[in-house]
Number of protein chains: 2
Amino acid sequence: MLIARSTDYAVRALKYLAEKNQETSAAELTRELKIPWPFMRKIMQSLGKHGLVASRKGPGGGFLLAKAPEKIKLTGLVNIFQGPVCLNECIFKKKICPNRKTCYLSKKLGEIEEHAFLVLDRITLKEIIEGGHNHG
Amino acid sequence: MLIARSTDYAVRALKYLAEKNQETSAAELTRELKIPWPFMRKIMQSLGKHGLVASRKGPGGGFLLAKAPEKIKLTGLVNIFQGPVCLNECIFKKKICPNRKTCYLSKKLGEIEEHAFLVLDRITLKEIIEGGHNHG
DNA sequence: ACAAAATGATACTATCATGGTATCATATGT
DNA sequence: ACATATGATACCATGATAGTATCATTTTGT
Ligand code: FES
Ligand code: FES
């Protein structure tokens, strides 16, 4: 799977924040998006650590988008929650394969991976919001 | 990961069979390809069930390629060992997402998946063998 | 006939990534 | 002070993949 659940949840949360454009608590996000509360909190904390949202503690506190939606790329989110986009780790017995440089199959998988990366890298939160879609 | 270990092992085994072009036992495959014996057997049995190799029991028995290398497609192997190529299963809480039809993100992931499929579908065992590669 | 060598079938276990939970500490507004 | 929020972190659950074990069946050679 290219997009893990955590990444997907993050997209939904960010979309909600962007559309509401007001400080929003994790509780509200949980309620509106039907995402389990502790999991949601973990996700928001990750987003905070990586500077995608700003947070404020205390009553009335919550999260605010910290970057413009057009600056938030899907590849960035994938990186945070799943690590680098990777479809091509020829692992033989848990050791990275020594033949990668010359391997035909690896080359082809590399092509796929690159294409996937390019597509994902061009998708921003803004596009997702405006894309005439239903995500979330 | 696009190609699972089992699929990769299958490719190596088939390549070996194709190059040797003689009846070959699982024991030899295990020995030569450094793949765990019971796992190798399981893989060969799957390949047999799906008609990619023919088998013969008894002393001196073993496996033979049952299709021409150019007829063995990577997508076929992926199907056997991993199921359909799929990078795009928006699963929300274990239920297939109802928004798929209109979802922007799903559309983009679908594009990636389709590209991946097309590339894999054009790779045959023959190409892998002749590809100036080292797979295995 | 018999033993050995091979595959067929199938059930089981192990490992690991992901998804999800729980707890306590810390900050903030009233 | 106290309630309400997030920060940090450790823990648990689940499922997919990788790998193992066992027994039945077929074939060959003596
Ligand atoms: S919201 Fe489910 S496919 Fe996009
Ligand atoms: S054999 Fe490892 S990259 Fe192909």
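Keep in mind it's a predicted model, so treat the numbers as computed, not measured. Reminder, nothing fancy here: chain letters follow the sequence lines and each chain counts from 1.
- Between B:R31 and B:E28, none of the side-chain N atoms (NZ, or NE/NH1/NH2) sits under 4.0 Å from a carboxylate O, so this pair counts as no salt bridge.
- Every residue two or more places apart in sequence or in another chain that forms a side chain to side chain contact (heavy atoms under 4.5 Å, CB included) with A:I80 is listed here: A:S46, A:H50, A:L52.
- Residue A:K126 holds its NZ atom at 15.0 Å from NZ of A:K73, rounded to the nearest 0.5 Å.
- Here A:G48 lies out of heavy-atom contact (under 4.0 Å) with every strand.
- Contact check, A:S55 against D:dG7: a side-chain N or O comes under 4.0 Å of OP1 or OP2.
- In terms of modelled atom types and a separation under 3.5 Å, the side chain of B:E70 and the main chain of B:L125 share no donor-acceptor contact.
- For B:Y9 and D:dA18, the OH to P distance is 8 Å, given to the nearest whole Å.
- Note: CG (A:L2) to P (C:dA17) measures 18 Å, nearest angstrom.
- Taking atom CZ on B:F39 and atom P on C:dT10, their separation rounds to 19 Å, with Å as the unit.
- Looking at every heavy atom in both residues, A:P69 comes nearest to A:T124 through O-CB, 3.7 Å.
- Atom CD of B:Q82 and atom C1' of D:dG15 are 16 Å apart (whole Å).
- The side chain of A:F63 lies closest to D:dG7 when the candidates are C:dT21, D:dG7, C:dG8.
- Nearest heavy atom pair, residue A:Y9 against residue A:I43, reads CB-CD1, 3.5 Å.
- Regarding B:K34, its NZ atom lies at a distance of 19 Å from the C1' atom of D:dG19, rounded to whole Å.
- Out of D:dA18, D:dT6, C:dT18, the shortest distance to the side chain of B:S6 is found at D:dA18.
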Could you pull out every donor-acceptor pair under 3.5 Å between side chains of residues 59-66 of chain B and any protein atom, sequence neighbours left out?
none

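- Regarding B:R5, its CZ atom lies at a distance of 18 Å from the P atom of C:dA14, rounded to whole Å.
- Taking atom CE of A:M44 as the reference point, atom C1' of C:dG20 lies 17 Å away to the nearest angstrom.
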- [ ] Let me have a per-nucleotide readout for nucleotides 21-30 of chain D, 5' to 3', with B, S or -, counting only protein heavy atoms under 4.0 Å.
- [x] ----BBBB--
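- Following rounding to the nearest Å, B:Q45 (CD) and D:dT20 (C1') show an atom-to-atom distance of 13 Å.
- B:A26 comes within 4.0 angstrom of the backbone, heavy atoms only, and of no base.
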